[in-house]
Number of protein chains: 2
Amino acid sequence: MDILELESFLPYRLYRLADAVSHEFSKIYKDRHGLTRPEWRTLAGLGQHGTMTAKALGEQSAMHKTKVSRAVAELELRRWLTRTPDENDRRVEHLALTRAGLAAYREMLPLAKAFERELLARLGAEGRSAIVRGVAALEAALADG
Amino acid sequence: MDILELESFLPYRLYRLADAVSHEFSKIYKDRHGLTRPEWRTLAGLGQHGTMTAKALGEQSAMHKTKVSRAVAELELRRWLTRTPDENDRRVEHLALTRAGLAAYREMLPLAKAFERELLARLGAEGRSAIVRGVAALEAALADG
DNA sequence: CCAAACTGGTTTCATTTGTAACCATCTAAA
DNA sequence: TTTAGATGGTTACAAATGAAACCAGTTTGG
């Protein structure tokens with residue numbers, strides 16, 4: 001019987017890596033503003049697109065609708081976003097950042113970019129190109145499953 | 001002001017990828033045996049090394065000690081592992097799989113390997129080499145922080 | 001029309017998790 | 001020794017999560 005070396009097992013390595021990176025990155029939204037990851041993603045989605053429905057948010061950022069629902073509720077409580085009922089379909093609400101939400105987003109934006117830039121910088125040209133192409137390949141592989 | 005495209009943001013892509021792969025892989029231990037991820041990792045660690053302390057398990061599989069503690073407790077309840085007190089240091093316990101635990105491990109082993117193999121196969125030679133080198137590069141970059 | 005099926009979104013409940021406090025033991029320094 | 005601090009491991013509590021039930025509104029097929 002052969003064994004499985006956990007440290008070399010791709011699913012494990014991938015998860016551990018994502019966890020470490022994500023944890024490191026979370027300082028930007030958690031330590032500074034007390035946001036959770038779903039809240040950060042919601043903010044990022046709205047900052048990027050201006051206006052979205054909860055459903056669209058979930059699709060864009062790969063979050064279950066309950067996560068979206070809770071994140072939106074919390075950001076609304078902070079008055080970082082507002083809901084506007086859809087004219088034609090009364091189940092739907094259009095979400096948009098308030099001035100305060102946009103301000104927070106704009107403050108975090110350069111930090112997020114710097115984080116990514118520095119991470120990639122530490123890899124060197126080779127590792128950088130490898131991770132970018134590798135991630136894309138995996139994404140593609142999973143997409144057509 | 002420029003914006004951040006979430007779909008292109010490395011921390012997000014990495015996390016989403018790891019999540020998808022991990023979720024897919026979890027079928028092997030969750031659906032079949034009702035294990036959690038920490039429990040699976042514990043099983044894998046002990047299967048790989050034969051005997052380990054809780055601390056070593058935590059280090060090997062990047063789990064917080066509470067996760068290890070709970071996973072070990074659950075596997076012990078199933079009678080998949082036993083604890084043997086250390087002779088010299090009575091705080092330490094040496095953990096090892098029972099016959100039943102080993103059987104479960106041996107049953108899952110080929111499934112785990114097949115999973116990884118198929119995942120890599122779907123990538124093609126290029127993507128495969130890219131992800132492997134990219135992941136290694138990132139690991140190295142994070143290691144020396 | 002009208003019931004059945006569907007959809008956007010929320011809530012409830014059980015489970016998982018992270019943090020911190022904790023217990024017992026061990027180590028080192030006075 | 002004795003005591004202060006480290007260390008292996010567990011527990012308690014609050015917060016985050018996922019699954020499923022749910023509500024209101026919308027579509028579809030008869």
Side-chain angles (χ1 to χ4, degrees), chain A residues 15-16 18-20 22-27 29-31 33-42 45-46 51-78 81-96, chain B residues 15-16 18-20 22-27 29-31 33-42 45-46 51-78 81-96:
Chain A
Y15 196 92
R16 188 224 285 223
D19 221 45
S22 175
H23 187 265
E24 193 57 34
F25 178 63
S26 77
K27 288 175 185 159
Y29 54 79
K30 188 173 182 192
D31 292 1
H33 295 285
L35 294 179
T36 63
R37 182 163 43 226
E39 284 155 21
W40 150 252
R41 285 191 186 170
T42 299
L46 293 180
T51 270
M52 299 175 87
T53 66
K55 177 170 199 221
L57 262 171
E59 280 161 4
Q60 197 217 355
S61 53
M63 297 191 292
H64 187 86
K65 57 185 185 165
T66 61
K67 268 191 191 169
V68 176
S69 175
R70 294 188 255 239
V72 167
E74 168 62 26
L75 293 186
E76 185 187 28
L77 218 91
R78 287 185 186 226
L81 66 75
T82 55
R83 312 176 191 239
T84 314
D86 183 275
E87 302 264 297
N88 306 315
D89 187 338
R90 281 148 61 200
R91 293 169 304 182
V92 177
E93 292 171 323
H94 300 277
L95 309 165
Chain B
Y15 195 93
R16 190 225 284 222
D19 219 45
S22 176
H23 188 263
E24 193 58 33
F25 177 64
S26 77
K27 287 177 186 158
Y29 54 79
K30 188 173 180 191
D31 291 2
H33 295 284
L35 294 178
T36 63
R37 182 165 41 225
E39 284 154 23
W40 149 252
R41 285 191 187 170
T42 298
L46 293 179
T51 268
M52 299 176 86
T53 66
K55 175 170 200 220
L57 262 172
E59 279 162 5
Q60 195 215 1
S61 54
M63 296 191 293
H64 191 255
K65 56 187 186 165
T66 61
K67 269 192 191 169
V68 175
S69 175
R70 295 188 255 240
V72 166
E74 168 62 26
L75 293 186
E76 184 186 30
L77 218 93
R78 286 186 186 226
L81 66 75
T82 55
R83 311 177 191 238
T84 313
D86 183 276
E87 303 263 297
N88 306 318
D89 188 338
R90 282 148 62 204
R91 293 168 304 179
V92 177
E93 291 172 325
H94 299 276
L95 310 165

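Note on naming: letters A, B, ... go to the chains in the order of the sequence lines (proteins, then strands), and numbering restarts at 1 for each one. These numbers come from a predicted model, not from an experiment.
Residue A:Leu81 contributes atom CG, which lies 13 Å from atom P of C:dG9 at whole-angstrom precision. As rounded to whole Å, 14 Å separates atom C1' of C:dC13 from atom NE2 of A:His64. Atom NZ in B:Lys30 sits roughly 15 Å away from atom P in D:dT17 (whole-Å rounding). Between the CG atom of B:Leu35 and the P atom of C:dT15 there is a distance of 16 Å, given to the nearest Å. Distance, B:Asp89 CG to D:dG9 P: 8 Å, rounded to whole Å. The CG-P distance, from A:Leu75 to C:dT10, rounds to 12 Å in whole Å. Between the NZ atom of B:Lys55 and the P atom of D:dA6 there is a distance of 14 Å, rounded to whole Å. Between B:Glu74 atom CD and C:dT17 atom P there is a gap of 12 Å when expressed in whole angstrom units.
You'll find the side chain of B:Pro38 stays beyond 4.5 Å of the side chain of B:Arg70, heavy atoms only.
The side chain of A:Arg70 contributes no N or O atom lying less than 4.0 Å from OP1 or OP2 of C:dT12. Distances shown here put every side-chain N or O of B:Arg91 at or beyond 4.0 Å from the OP1 or OP2 atom of D:dT7.
Here D:dT17 is the nucleotide among D:dT10, D:dT17, C:dT10 with the atom lying nearest to any side-chain atom of A:Pro38. In the set D:dG25, C:dC26, D:dG18, D:dG18 carries the atom at the smallest distance from any side-chain atom of A:Lys67.
A distance-only check finds a donor-acceptor pair linking the side chain of B:Arg41 to the backbone of B:Ser61 [under 3.5 Å].
Among the heavy atoms of the strands lying under 4.0 Å from B:Arg83 are primed sugar atoms or P, OP1, OP2 only; no base atom is included. Among the protein residues, A:Asn88 comes within range of the sugar-phosphate backbone only, with heavy atoms under 4.0 Å from sugar or phosphate atoms but none that close to a base. Contacts of B:Lys65 with the nucleic acid, taken as non-hydrogen atoms under 4.0 Å apart, include base atoms. Among the atoms of the strands shown, base atoms are found under 4.0 Å from some heavy atom of B:Thr66.
Salt bridge present: A:Glu74 and A:Arg78 bring a charged side-chain N and a carboxylate O closer than 4.0 Å.
Nearer to the 5' terminus of DNA chain D, by closest-nucleotide assignment, is the contact made by B:Ser69 (compared with the other of B:Ser69 and A:Glu39). With the nearest nucleotide of DNA chain D identified for both B:Val92 and B:Asp19, B:Val92 has the one nearer the 5' end.
Note on ring orientation: taking the six-membered ring where Trp is involved, the planes of A:Tyr29 and A:Trp40 are parallel (angle under 30°, cut-offs 30° and 60°).
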Step-by-step side-chain contact (heavy atoms from CB on, under 4.5 Å) determination, B:Thr42 to B:Met63: CA-CA 9 Å; B:Thr42 298; B:Met63 296 191 293; 3.8 Å; yes
